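These notes are about the structure you will find just below.
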Protein chains: 2
Amino acid sequence: MTSYYNIYPKFLVSVDCIIFGFSEGTLKLLIQKRPYNPGLGMWSLIGGFVEQDESIDSSAQHVLTKFTGLHNIYMRQLEAFGEVERDPGQRVISIVYYALINMNNCINNMPKEYDAKWVDIDKVPHLCFDHNKMVDKARKKISEGLLDEPICSNLLPRFFTLSQLQSLHESIMGVSIDKRNFRRSIAEKKYVVKTEMIDKGNSRRGASLYEFCSE
Amino acid sequence: MTSYYNIYPKFLVSVDCIIFGFSEGTLKLLIQKRPYNPGLGMWSLIGGFVEQDESIDSSAQHVLTKFTGLHNIYMRQLEAFGEVERDPGQRVISIVYYALINMNNCINNMPKEYDAKWVDIDKVPHLCFDHNKMVDKARKKISEGLLDEPICSNLLPRFFTLSQLQSLHESIMGVSIDKRNFRRSIAEKKYVVKTEMIDKGNSRRGASLYEFCSE
DNA sequence: TCAAAAGTGTTAATAGTACACCCATGA
DNA sequence: TCATGGGTGTACTATTAACACTTTTGA
């Protein structure tokens with residue numbers, strides 16, 4: 001009874017993943033040298049093709065795991081890109097996901113193995129096809145929900161200072177934020193809680209460490 | 001050089017379209033009796049399969065045109081749905097679009113030809129597969145941007161009263177709105193402008209007609 | 001004259017923005 | 001003792017929310 005469907009064409013479906021990380025005060029993006037033609041050797045998002053036995057969501061997870069060693073990271077779908085000529089080699093419909101991860105938890109031989117690297121978000125090189133457009137849309141999207149949800153909980157170490165959190169917000173949004181206003185707005189969020197610990201690594205005086213509360 | 005891709009599987013890709021309309025003070029959804037197995041005869045969103053020579057966006061346009069006769073309607077992508085078993089017949093990846101249209105401009109023999117009909121948004125029957133979930137997500141999405149953009153310009157006739165516009169907003173958001181606050185917020189929007197015309201159809205006193213300004 | 005929808009302002013609460021100084025400490 | 005990053009409060013502005021009566025007119 002499924003024969004009715006069979007008059008329709010089938011397509012390659014890829015997932016492209018926009019992986020954000022954070023270190024040294026700036027937002028980073030994980031990119032790779034493209035291993036296929038067309039565009040062999042160009043910079044691109046990390047990605048892969050969807051397989052028969054995996055959902056598109058889990059396909060995105062597999063891509064992330066392959067490149068970073070991380071499992072069970074919360075990924076969100078950005079959008080499907082389906083222009084006929086978007087991939088000059090062959091028709092490929094791409095479903096784009098994004099995630100924000102803690103770079104320090106990644107396996108560290110990753111970059112060599114897959115020719116991948118982290119780049120500053122404001123220094124992303126020209127990427128193949130429509131990948132730069134994807135990155136722009138994803139960055140815009142994460143800025144929008146930044147204060148409503150604990151989006152950036154994965155970008156920071158388990159315990160972090162408010163200064164770290166602020167520079168992360170600034171980096172994602174691309175603007176600078178008043179310290180007092182920022183701290184007040186964070187104080188209202190239930191998902192960020194102060195711990196008893198003090199971090200002395202970054203200042204003589206020491207800064208209180210916070211964590212994202214789990215719920 | 002495209003041979004590398006060919007080790008990967010290909011998929012049927014459908015577009016499902018969530019078409020909102022508005023009449024008699026309530027938001028409506030266009031649904032059809034499913035013409036295929038599995039699920040033959042069940043209610044479903046209007047949809048179709050993507051063809052080789054069309055982008056996913058234009059595929060959605062074609063679906064809309066087929067069912068309504070309308071051309072060049074602004075459609076937005078909601079999300080791609082790609083669970084392995086979402087269609088029990090065969091693996092189909094569905095890309096979901098939504099649009100808001102003026103029901104009165106539709107060709108009116110449409111319902112018979114394709115077994116389609118309009119239903120009140122609060123009385124949507126059980127739809128096949130994951131289609132109800134799609135509708136819920138779309139309704140949530142349109143409520144969010146309602147005051148920022150002239151989203152509902154297509155749902156109303158060219159000239160409309162503020163009462164009509166208000167009940168449309170109420171119907172989309174599923175809440176009731178204070179008349180004075182609503183009218184003030186609309187007065188601030190540049191994209192809604194008052195005309196000299198008065199509509200005497202709905203009240204003895206008559207109500208000013210407004211229109212969406214084009215820009 | 002009355003029923004029915006159109007139209008109209010004010011006040012209170014809340015959220016957001018701008019802005020500058022003292023604190024604690026180790027070197 | 002001083003350089004460095006950590007930490008704090010207040011006044012102003014803009015936005016949102018709550019709330020009830022008068023107007024017009026055809027039947």
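What you are looking at is a predicted structure, and each value in this text was computed from that prediction instead of being measured. Each chain gets a letter, A, B and so on, in the order its sequence line appears, and its residues count up from 1.
The residue Ser185(A) sits apart from the nucleic acid: no heavy atom pair falls under 4.0 Å. Counting non-hydrogen atoms under 4.0 angstrom, Asn202(B) reaches the backbone sugars and phosphates but no base. Contact annotation for Ser163(B): backbone-only contact, meaning every heavy-atom pair under 4.0 Å involves sugar-phosphate atoms and none involves a base.
Closest to the side chain of Arg204(B), from the set dA6(C), dA27(D), dG6(D), is dA27(D). Listed candidates were dT8(C), dT25(C), dT10(C). Nearest to the side chain of Arg184(B) is dT10(C). Residue Arg180(B) places its side chain closer to dA20(D) than to any other of dA20(D), dC19(C), dG26(C). Between dT25(C), dG7(D), dT25(D), one nucleotide has an atom nearer to the side chain of Lys200(B) than all others, and that is dT25(D). Of all nucleotides listed (dG7(C), dA5(C), dG7(D)), dG7(C) comes nearest to the side chain of Ala207(B). When distances are taken from the side chain of Arg205(A) to each of dA27(C), dA5(C), dC23(C), the shortest belongs to dC23(C). Taking every side-chain heavy atom of Asp178(B) into account, dC19(D) is the closest of dC19(D), dG5(D), dG7(C). Residue Lys179(A) places its side chain closer to dG6(D) than to any other of dT25(D), dG7(C), dG6(D).
For the pair Phe182(A) CZ and dG9(D) P, the computed distance is 18 Å after rounding to whole Å. Distance CG (Leu209(A)) to P (dG6(D)): 11 Å, rounded to an integer number of Å. Protein atom CG of Leu165(B) is 18 Å distant from nucleotide atom P of dA5(C), rounded to whole Å. Going from atom CD1 of Ile177(B) over to atom P of dG7(C) covers 17 Å, rounded to whole Å. Following rounding to the nearest Å, Asn181(B) (CG) and dA20(D) (C1') show an atom-to-atom distance of 13 Å. If you measure from atom NZ of Lys189(B) to atom C1' of dT15(D), you get 11 Å, rounded to the nearest angstrom. Across the protein-nucleic acid pair, Leu162(A) atom CG and dC23(C) atom P stand 20 Å apart, rounded to whole Å. One can place CD1 of Ile186(B) at 14 Å from P of dT8(C), the figure rounded to the nearest angstrom.
The phosphate of dG7(C) has OP1 or OP2 within less than 4.0 Å of a side-chain N or O from Arg183(B). Residue Ser208(A) has a polar side-chain atom (N or O) positioned under 4.0 Å from OP1 or OP2 of dG7(D).
Between Gly206(B) and Tyr210(A), the residue whose closest nucleotide on DNA chain D is further toward the 5' end is Tyr210(A).
Between Phe11(A) and Phe11(B), the gap from one ring centroid to the other reaches at least 6.0 Å. The aromatic ring centres of Phe160(B) and Phe212(B) sit less than 6.0 Å apart.
For the pair Ser58(A) (side chain) and Gln61(A) (backbone), a donor-acceptor distance under 3.5 Å is absent. Between the Glu170(A) side chain and the Ile177(A) main chain, a donor and an acceptor come within less than 3.5 Å of each other.
Residue Met75(A) holds its CE atom at 9.0 Å from CD1 of Ile101(A), rounded to the nearest 0.5 Å.
If you check the side chains of Thr161(B) and Asp199(B), you find no donor sitting under 3.5 Å from an acceptor.
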